[in-house]
Amino acid sequence: HKGIPEKLLAKSTSLNGFFVSHYPQHFRKHMARLIALHSSGHLKVEIDPKKFIGLDSVPDAVEYLHSGGSQGKVVVQIAGDVPHSSNDTIAVRAKL
């Protein structure tokens, strides 16, 4: 997303992330909430349009993810035929 770093800097704002594995005691409760939000249509999942096919493409997909150029979930297709709907995609693709 172009311009976001500049907007954050101009407002002296910071952005922090975290590793889910650091908070295992909260995972089940919050995952249930995320699933409910997604099921109700209040949370949309975006999948990056860049294609990575096969396990051999995992290093390239990880590099792309860390490059900051991704827009949505970066996925690696590991099955032959993959549906194009974002609801079905999660079941048959390995998410990074």
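Computed from heavy atoms alone, side chains included, the values below leave out hydrogens, waters and symmetry copies. Bear in mind the structure is a predicted one, so any value in this text is a computation, not a measurement.
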Solution key, residues 25-36 side-chain donor-acceptor pairs under 3.5 Å, sequence neighbours excluded:
none

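- For His22, the ring pair (Phe, Tyr, Trp, His ring centres under 6.0 Å) partners two or more places apart in sequence, or in a different chain, are Phe19.
- Applying the under-4.5 Å side-chain rule to Ile, Leu, Val, Met, Phe, Trp and Tyr, the cluster around Leu9 consists of that residue alone.
- The two atoms that bring Ser57 and Gly54 nearest to each other are OG-O, 2.7 Å, heavy atoms only.
- For Ser40, the side chain to side chain donor-acceptor pair (under 3.5 Å) partners are His42, not counting sequence neighbours.
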Name every donor-acceptor pair, under 3.5 Å, that has one atom in a side chain of residues 58-69 and the other anywhere in the protein, sequence neighbours excluded.
| from | atom 1 | to | atom 2 | distance (Å) |
| --- | --- | --- | --- | --- |
| Tyr64 | OH | Asp48 | OD1 | 3.0 |
| Tyr64 | OH | Asp48 | OD2 | 3.1 |
| Tyr64 | OH | Gly69 | O | 3.4 |
| Ser67 | OG | Tyr64 | O | 2.6 |
| Ser67 | OG | Gly69 | N | 3.2 |

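- Separation of atoms CD (Gln77) and NZ (Lys51) is listed at 7.0 Å; rounding is to 0.5 Å.
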